[in-house]
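Here is the structure we will look at.
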Amino acid sequence: MTQIIDGKAISAQIKDELKEKVAQMKEQGTEVTLAVIQVGADPASSVYVRNKKNACAYIGIRSLAYELPEETTEKELLALIEELNGRKDVNGILVQLPLPKHIEEEKVLNTIHPSKDVDGFHPQNVGALCIGKPGFVSCTPAGIIQLLKRSGIEIAGKECVVIGRSNIVGKPMALLLIRENGTVTVTHSRTKDLKEVTGRADILVVAIGKPKMITADYVKEGAVVIDVGIHRNEENKLCGDVDHESVAPKCSAITPVPGGVGPMTIAMLMNNCVESVALQQN
Ligand code: GUN
């Protein structure tokens, strides 16, 4: 029987653990605060931002919402970030992506102080992950490690294949799997004979961005498959990068879409907010 990895349940468990921790911190006089900045009114971003605020409310994290107009200049946004960097009562700063075209994303992300960078996008945090030092880790790959661990899936010594080399998912995913003593291969659009490589994977993490691209012939019998993709198909139904129907029967464990990786991203963001307090005290 294939184990369906329940991201909804695991993220709920993590959020409940954090809720307890935040209550204890409050008793000791520490409040956790996340500042969430959205520029413009991209509908998908508005949904993500609302979900983040709701998660904060559930756990007991104070959230400050900055909903800025589309015309906000880069200079104004950078000034707000600098102000929040300097505020002792703000622990985490999150700028929702994508930003309007007239604002340079890299400049914005690099302005967030590394000790408040709860998304884990600042080069200092990426570098810390690379050399195994403490710092914030990008939420989606951190969530995938939690999914594996809390589902009783051993990583050490396993052949791990990551499809996709983005800064937010693929690259940090590979680094985290190495940290867990996996043997890691990263594949991408220029990989020759992708099926041959993915066919060796004990753990296959798929972050390609193409609906249902990974079919059963890419997957080894008994593999663990983690699907990072989220798309809407012709019938307006959600699907992942993995053709779940054909792949699931071949796997020992697989994440569904929705309800797999998705809910973990916010849970790990909340975790980073809670951890930020200790990081800032050092
Ligand atoms: N837009 C889509 N995903 C993310 C994310 O994880 N963080 C931020 N800041 N923006 C996003």
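Note that ligands are numbered from 1 as they come in the structure, with each ligand's atoms numbered from 1 the same way.
Remark: ligand 1 and Thr265 share no N or O pair separated by less than 3.5 Å (distance only, no angle test). Backbone and side-chain nitrogen or oxygen atoms of Pro98 are examined, and none is located within less than 3.5 angstrom of a nitrogen or oxygen of ligand 1.
The pair Lys158-Glu180 does not meet the salt-bridge criterion, since no charged nitrogen lies less than 4.0 angstrom from a carboxylate oxygen. Taking a cutoff of 4.0 Å between a charged side-chain nitrogen and a carboxylate oxygen, Asp89 and Arg87 qualify as a salt bridge. Salt-bridge annotation for Lys212 and Asp241: absent, with no side-chain N of the basic residue lying under 4.0 Å from a carboxylate O of the acidic one. Salt-bridge formation is not detected for the pair Glu221/Lys250: no Lys NZ or Arg NE/NH1/NH2 atom is positioned less than 4.0 Å from an Asp or Glu carboxylate oxygen. Ion pairing between a basic and an acidic side chain is recognised when a charged N comes within 4.0 Å of a carboxylate O; Glu67 and Lys53 show such pairing.
Summary of contacts: the protein heavy atom closest to atom 10 (N) of ligand 1 is Leu97 N, 3.0 Å. Protein heavy atom at the shortest distance from atom 3 (N) of ligand 1 is Gln96 NE2, 4.5 Å.
By the criterion of a heavy-atom distance under 4.0 Å, the side chain of Asp119, and not its backbone, is placed next to ligand 1.
Close contacts between ligand 1 and Val95 involve ligand atoms 8 (C), 9 (N) [criterion: under 4.0 Å to a heavy atom].
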